[in-house]
Amino acid sequence: MSVSTSTALSGVTRAEYCVIACAEAWRDNGEVLASPMGLIPSVGARLARHTFSPDLLLTDGEAMLVGPDGTPEGWLPYRQHLALVTGGRRHVMMGASQIDRFGNQNISCVGDWERPTRQLLGVRGAPVNTLNNPVSYWVPKHSKRVFVERVDMIGGVGYDSAAAAGPTATRFHRIPRVVSNLGVFDFATPDHSMRLASLHPGVTVEEVFAATGFELAVADEVPYTRDPSAAELASIREVIDPRGLRDREVRG
(Lines give C-alpha, C1' and ligand atoms only; values in the text may rest on other atoms or scores of the structure.)
Protein backbone atom coordinates (compact mmCIF):
# COMPACT_ATOMS: atom_id res chain seq x y z
CA MET A 1 0.00 0.00 0.00
CA SER A 2 1.29 3.44 -0.91
CA VAL A 3 0.05 7.00 -1.16
CA SER A 4 0.39 9.12 -4.30
CA THR A 5 3.00 11.83 -4.14
CA SER A 6 0.66 14.78 -4.85
CA THR A 7 0.73 17.51 -2.20
CA ALA A 8 -1.81 20.14 -1.25
CA LEU A 9 -1.85 23.41 -3.14
CA SER A 10 -0.53 26.28 -1.07
CA GLY A 11 -3.34 28.07 0.75
CA VAL A 12 -6.09 25.51 0.10
CA THR A 13 -7.79 24.62 3.36
CA ARG A 14 -8.93 21.20 4.53
CA ALA A 15 -12.50 22.50 4.32
CA GLU A 16 -12.01 23.36 0.64
CA TYR A 17 -10.78 19.84 -0.10
CA CYS A 18 -13.92 18.57 1.63
CA VAL A 19 -16.00 20.86 -0.59
CA ILE A 20 -14.32 19.43 -3.69
CA ALA A 21 -14.91 15.87 -2.48
CA CYS A 22 -18.59 16.59 -1.84
CA ALA A 23 -19.01 18.33 -5.20
CA GLU A 24 -17.62 15.27 -7.00
CA ALA A 25 -20.52 13.20 -5.63
CA TRP A 26 -22.80 15.01 -8.11
CA ARG A 27 -20.55 14.78 -11.15
CA ASP A 28 -22.40 13.43 -14.21
CA ASN A 29 -25.68 13.14 -12.27
CA GLY A 30 -27.62 15.04 -14.93
CA GLU A 31 -30.92 16.77 -14.16
CA VAL A 32 -31.59 15.57 -10.63
CA LEU A 33 -32.32 17.37 -7.40
CA ALA A 34 -29.20 17.75 -5.28
CA SER A 35 -30.21 17.66 -1.61
CA PRO A 36 -27.17 18.47 0.53
CA MET A 37 -27.57 18.41 4.30
CA GLY A 38 -24.92 20.48 6.01
CA LEU A 39 -22.85 23.52 5.14
CA ILE A 40 -19.95 21.93 3.27
CA PRO A 41 -22.21 19.59 1.22
CA SER A 42 -24.29 22.67 0.31
CA VAL A 43 -21.20 24.54 -0.87
CA GLY A 44 -20.15 21.40 -2.77
CA ALA A 45 -23.50 21.02 -4.51
CA ARG A 46 -23.50 24.66 -5.56
CA LEU A 47 -19.93 24.34 -6.82
CA ALA A 48 -20.91 21.29 -8.90
CA ARG A 49 -23.83 23.22 -10.39
CA HIS A 50 -21.59 26.25 -11.05
CA THR A 51 -18.93 24.17 -12.85
CA PHE A 52 -19.16 20.59 -14.12
CA SER A 53 -22.82 19.66 -13.40
CA PRO A 54 -24.87 22.58 -14.78
CA ASP A 55 -28.09 20.51 -15.03
CA LEU A 56 -28.37 19.98 -11.26
CA LEU A 57 -31.41 21.35 -9.48
CA LEU A 58 -30.72 23.12 -6.19
CA THR A 59 -33.25 24.04 -3.51
CA ASP A 60 -33.23 26.40 -0.56
CA GLY A 61 -34.48 23.52 1.58
CA GLU A 62 -38.02 24.87 1.74
CA ALA A 63 -39.89 25.67 -1.46
CA MET A 64 -37.64 27.40 -3.98
CA LEU A 65 -35.25 26.23 -6.65
CA VAL A 66 -32.11 28.37 -6.46
CA GLY A 67 -28.95 29.11 -8.43
CA PRO A 68 -25.39 28.55 -7.18
CA ASP A 69 -25.42 31.92 -5.38
CA GLY A 70 -28.78 31.25 -3.73
CA THR A 71 -30.84 33.44 -6.07
CA PRO A 72 -34.37 32.01 -6.48
CA GLU A 73 -34.98 30.45 -9.91
CA GLY A 74 -38.34 28.78 -9.51
CA TRP A 75 -40.90 27.13 -7.24
CA LEU A 76 -40.65 23.56 -5.98
CA PRO A 77 -43.92 22.59 -4.26
CA TYR A 78 -43.69 19.79 -1.73
CA ARG A 79 -45.71 17.36 -3.85
CA GLN A 80 -43.22 17.81 -6.71
CA HIS A 81 -40.32 17.33 -4.32
CA LEU A 82 -41.83 14.03 -3.17
CA ALA A 83 -42.33 12.97 -6.78
CA LEU A 84 -38.61 13.50 -7.40
CA VAL A 85 -37.77 11.46 -4.30
CA THR A 86 -40.00 8.48 -5.06
CA GLY A 87 -39.03 8.57 -8.73
CA GLY A 88 -35.32 8.39 -7.96
CA ARG A 89 -34.48 11.80 -9.44
CA ARG A 90 -32.64 13.03 -6.39
CA HIS A 91 -29.16 12.55 -4.91
CA VAL A 92 -29.13 13.44 -1.24
CA MET A 93 -26.01 13.84 0.91
CA MET A 94 -27.07 13.12 4.48
CA GLY A 95 -25.27 13.27 7.77
CA ALA A 96 -24.55 10.25 9.97
CA SER A 97 -24.31 9.97 13.74
CA GLN A 98 -23.11 6.41 13.10
CA ILE A 99 -22.17 4.57 9.92
CA ASP A 100 -20.82 1.05 9.54
CA ARG A 101 -18.68 -0.84 7.05
CA PHE A 102 -21.63 -1.60 4.73
CA GLY A 103 -23.07 1.91 4.78
CA ASN A 104 -25.87 1.42 7.29
CA GLN A 105 -26.50 4.85 8.81
CA ASN A 106 -27.97 5.89 12.15
CA ILE A 107 -29.40 9.31 13.06
CA SER A 108 -32.04 7.97 15.46
CA CYS A 109 -30.55 6.97 18.82
CA VAL A 110 -27.36 5.75 20.48
CA GLY A 111 -27.59 2.63 22.60
CA ASP A 112 -30.37 0.08 22.92
CA TRP A 113 -33.56 1.21 21.12
CA GLU A 114 -35.80 0.44 24.13
CA ARG A 115 -33.64 2.58 26.45
CA PRO A 116 -31.17 4.65 24.40
CA THR A 117 -28.36 6.58 26.05
CA ARG A 118 -28.95 9.41 23.59
CA GLN A 119 -32.02 10.32 21.54
CA LEU A 120 -31.26 11.85 18.13
CA LEU A 121 -33.38 12.97 15.16
CA GLY A 122 -35.20 9.75 14.38
CA VAL A 123 -34.91 7.91 11.08
CA ARG A 124 -36.66 10.77 9.23
CA GLY A 125 -36.70 10.03 5.50
CA ALA A 126 -33.54 7.92 5.50
CA PRO A 127 -35.12 4.53 4.57
CA VAL A 128 -37.04 5.98 1.60
CA ASN A 129 -34.03 8.03 0.54
CA THR A 130 -31.68 5.06 0.46
CA LEU A 131 -34.08 2.71 -1.31
CA ASN A 132 -35.20 5.16 -4.01
CA ASN A 133 -32.26 7.50 -4.69
CA PRO A 134 -28.49 7.49 -4.60
CA VAL A 135 -27.46 8.63 -1.10
CA SER A 136 -24.03 9.86 -0.05
CA TYR A 137 -22.93 10.87 3.44
CA TRP A 138 -20.98 13.72 5.04
CA VAL A 139 -19.18 13.37 8.38
CA PRO A 140 -17.41 16.54 9.53
CA LYS A 141 -15.57 14.84 12.41
CA HIS A 142 -14.25 11.37 11.61
CA SER A 143 -13.99 9.20 14.74
CA LYS A 144 -14.63 5.71 16.08
CA ARG A 145 -17.86 7.04 17.63
CA VAL A 146 -19.20 7.64 14.10
CA PHE A 147 -17.48 4.93 12.03
CA VAL A 148 -18.66 1.92 14.05
CA GLU A 149 -18.66 -1.84 13.61
CA ARG A 150 -22.48 -1.97 13.79
CA VAL A 151 -24.90 0.94 14.02
CA ASP A 152 -27.26 0.91 17.00
CA MET A 153 -30.29 1.46 14.76
CA ILE A 154 -30.56 1.42 10.98
CA GLY A 155 -32.03 4.54 9.40
CA GLY A 156 -30.21 4.73 6.10
CA VAL A 157 -30.08 1.26 4.53
CA GLY A 158 -26.62 -0.21 3.85
CA TYR A 159 -25.60 -2.72 1.22
CA ASP A 160 -25.88 -5.79 3.46
CA SER A 161 -29.31 -4.78 4.77
CA ALA A 162 -30.59 -4.05 1.27
CA ALA A 163 -29.34 -7.44 0.06
CA ALA A 164 -31.05 -9.20 2.98
CA ALA A 165 -34.34 -7.48 2.11
CA GLY A 166 -34.23 -8.70 -1.48
CA PRO A 167 -34.56 -7.32 -5.03
CA THR A 168 -37.17 -4.69 -4.20
CA ALA A 169 -34.65 -3.06 -1.84
CA THR A 170 -31.56 -3.42 -4.02
CA ARG A 171 -33.10 -2.28 -7.31
CA PHE A 172 -32.37 1.43 -6.86
CA HIS A 173 -30.08 1.30 -3.81
CA ARG A 174 -26.70 2.99 -4.24
CA ILE A 175 -24.26 4.78 -1.92
CA PRO A 176 -21.81 6.65 -4.18
CA ARG A 177 -19.50 7.98 -1.47
CA VAL A 178 -18.89 8.97 2.12
CA VAL A 179 -16.89 12.15 2.71
CA SER A 180 -15.30 13.01 6.05
CA ASN A 181 -12.80 15.59 7.20
CA LEU A 182 -10.09 12.95 6.66
CA GLY A 183 -10.90 11.49 3.25
CA VAL A 184 -13.32 9.97 0.77
CA PHE A 185 -14.75 6.46 1.03
CA ASP A 186 -16.74 4.26 -1.33
CA PHE A 187 -18.05 0.70 -1.52
CA ALA A 188 -16.25 -0.46 -4.66
CA THR A 189 -15.35 -3.85 -3.20
CA PRO A 190 -16.64 -7.38 -3.97
CA ASP A 191 -18.78 -7.46 -0.80
CA HIS A 192 -19.69 -3.74 -0.86
CA SER A 193 -17.74 -3.01 2.32
CA MET A 194 -16.33 0.47 2.80
CA ARG A 195 -13.07 1.33 1.07
CA LEU A 196 -10.69 4.24 1.53
CA ALA A 197 -10.87 5.94 -1.88
CA SER A 198 -8.75 9.03 -1.24
CA LEU A 199 -7.03 10.97 1.52
CA HIS A 200 -7.29 14.69 1.93
CA PRO A 201 -3.79 16.17 1.65
CA GLY A 202 -2.05 16.22 5.02
CA VAL A 203 -3.85 13.09 6.26
CA THR A 204 -2.18 9.68 6.56
CA VAL A 205 -3.65 6.20 6.12
CA GLU A 206 -2.65 5.44 9.71
CA GLU A 207 -4.62 8.46 10.94
CA VAL A 208 -7.74 7.21 9.14
CA PHE A 209 -7.32 3.68 10.51
CA ALA A 210 -6.93 4.99 14.06
CA ALA A 211 -10.18 6.98 13.76
CA THR A 212 -12.26 4.11 12.28
CA GLY A 213 -13.97 1.44 14.35
CA PHE A 214 -13.78 -1.30 11.70
CA GLU A 215 -11.32 -2.61 9.14
CA LEU A 216 -11.37 -0.56 5.96
CA ALA A 217 -10.59 -1.95 2.53
CA VAL A 218 -7.64 -0.11 1.00
CA ALA A 219 -6.33 -0.06 -2.56
CA ASP A 220 -2.68 -0.76 -3.29
CA GLU A 221 -2.19 2.95 -3.95
CA VAL A 222 -4.33 5.55 -2.21
CA PRO A 223 -4.61 8.86 -4.08
CA TYR A 224 -5.11 12.26 -2.56
CA THR A 225 -8.39 14.10 -3.03
CA ARG A 226 -7.96 16.16 -6.17
CA ASP A 227 -6.85 19.77 -6.00
CA PRO A 228 -9.39 22.49 -6.80
CA SER A 229 -8.77 24.53 -9.91
CA ALA A 230 -8.17 28.27 -9.67
CA ALA A 231 -11.68 28.85 -11.06
CA GLU A 232 -13.23 26.51 -8.50
CA LEU A 233 -11.42 28.26 -5.65
CA ALA A 234 -12.65 31.60 -6.92
CA SER A 235 -16.22 30.26 -7.06
CA ILE A 236 -16.01 28.92 -3.50
CA ARG A 237 -14.39 31.99 -2.01
CA GLU A 238 -16.05 34.79 -3.95
CA VAL A 239 -19.48 33.52 -5.09
CA ILE A 240 -20.71 30.60 -2.99
CA ASP A 241 -19.19 31.09 0.48
CA PRO A 242 -17.56 34.53 0.62
CA ARG A 243 -17.91 34.63 4.44
CA GLY A 244 -15.71 31.54 4.81
CA LEU A 245 -18.24 29.61 6.88
CA ARG A 246 -16.78 26.33 5.56
CA ASP A 247 -13.67 26.79 7.70
CA ARG A 248 -15.81 26.83 10.85
CA GLU A 249 -17.18 23.37 10.07
CA VAL A 250 -13.81 21.84 9.21
CA ARG A 251 -10.68 23.47 10.57
CA GLY A 252 -7.45 22.79 8.72
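- Here the closest heavy-atom approach between residue Ala34 and residue Leu58 is recorded as CB-CD2, 4.0 Å.
- Residues Tyr137 and Ala96 share a closest heavy-atom pair of CD2-CB, 4.4 Å.
- The closest side-chain heavy-atom distance from Ile236 to Leu47 is below 4.5 Å.
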- Go through the steps to decide whether Lys141 and Val146 satisfy the test side chain to side chain contact (heavy atoms under 4.5 Å, CB included), and finish with yes or no. CA-CA 8 Å; Lys141 199 167 185 178; Val146 180; over 6 Å; no
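- The side-chain heavy atoms of Gln98 and Met153, taken from C-beta on, include no pair separated by under 4.5 Å.
- Of all heavy-atom pairs between Asp152 and Gly111, the closest is OD2-N, 2.8 Å.
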- Message: Show, in sequence, the C-alpha distance, side-chain angles and deciding distance for Thr212 and His142, and conclude whether the side chain to side chain donor-acceptor pair (under 3.5 Å) test is met.
- Response: CA-CA 8 Å; Thr212 304; His142 192 127; 2.9 Å; yes
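- Of all the heavy atoms in Asp227 and Tyr17, the pair that sits closest is OD1-OH, 2.6 Å.
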- For the pair Asn106 and Ser108, evaluate side chain to side chain donor-acceptor pair (under 3.5 Å) and give the outcome as yes or no after the intermediate values. CA-CA 6 Å; Asn106 176 23; Ser108 185; 4.8 Å; no
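- Under the 4.0 Å criterion applied to side-chain N and carboxylate O atoms, Glu16 and Arg237 are assigned as salt-bridge partners.
- Listed here is the closest heavy atom pair of Ser180 and His200: O-NE2, 2.8 Å.
- Side-chain contact between Trp26 and Ser136: absent, with no pair of heavy atoms (C-beta onward) separated by less than 4.5 Å.
- Side-chain atoms of Phe187 and Ser193, non-hydrogen and from C-beta on, never get closer than 4.5 Å to each other.
- A side chain to side chain contact (heavy atoms under 4.5 Å, CB included) with Leu199 is found for exactly one of Leu182, Val208, Thr225, namely Val208.
- When each of Trp138, Phe147, Phe214 is tested with Phe185 by the rule ring-ring contact (aromatic ring centres under 6.0 Å, His included), just one qualifies, namely Phe147.
- A salt bridge links Arg49 to Glu73: one of the charged nitrogens lies within less than 4.0 Å of a carboxylate oxygen.
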- Run the numbers on Thr204 and Phe209 for side chain to side chain contact (heavy atoms under 4.5 Å, CB included), then give the verdict. CA-CA 9 Å; Thr204 66; Phe209 283 179; over 6 Å; no
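- The pair Arg246-Asp241 meets the salt-bridge criterion, since a charged nitrogen lies less than 4.0 angstrom from a carboxylate oxygen.
- For the pair Val157/Leu131, a side-chain contact is recorded, criterion being any heavy-atom separation below 4.5 Å from C-beta on.
- A pairwise comparison of heavy atoms in Ala15 and Asp247 identifies CB-OD1, 3.4 Å as the closest pair.
- Both Val239 and Leu56 belong to a single network of hydrophobic side chains, linked directly or stepwise wherever heavy atoms of I, L, V, M, F, W or Y lie under 4.5 Å apart.
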- Query: Please walk me through it: do Arg90 and Asn129 pass side chain to side chain contact (heavy atoms under 4.5 Å, CB included)?
  - Reply: CA-CA 9 Å; Arg90 182 171 80 152; Asn129 286 340; 2.3 Å; yes
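- Contact check for Thr13 versus Val250: no side-chain heavy atoms found under the 4.5 Å cut-off.
- Using cut-offs of 30° and 60° for the angle between ring planes, the His192 and Tyr159 rings count as parallel.
- Between His173 and Pro134 the shortest side-chain heavy-atom distance does not fall below 4.5 Å.
- A salt bridge links Arg226 with Glu232: at least one charged nitrogen is closer than 4.0 Å to a carboxylate oxygen.
- Arg150 has no carboxylate O lying under 4.0 Å from a charged side-chain N of Asp100, or vice versa, which leaves the two without a salt bridge.
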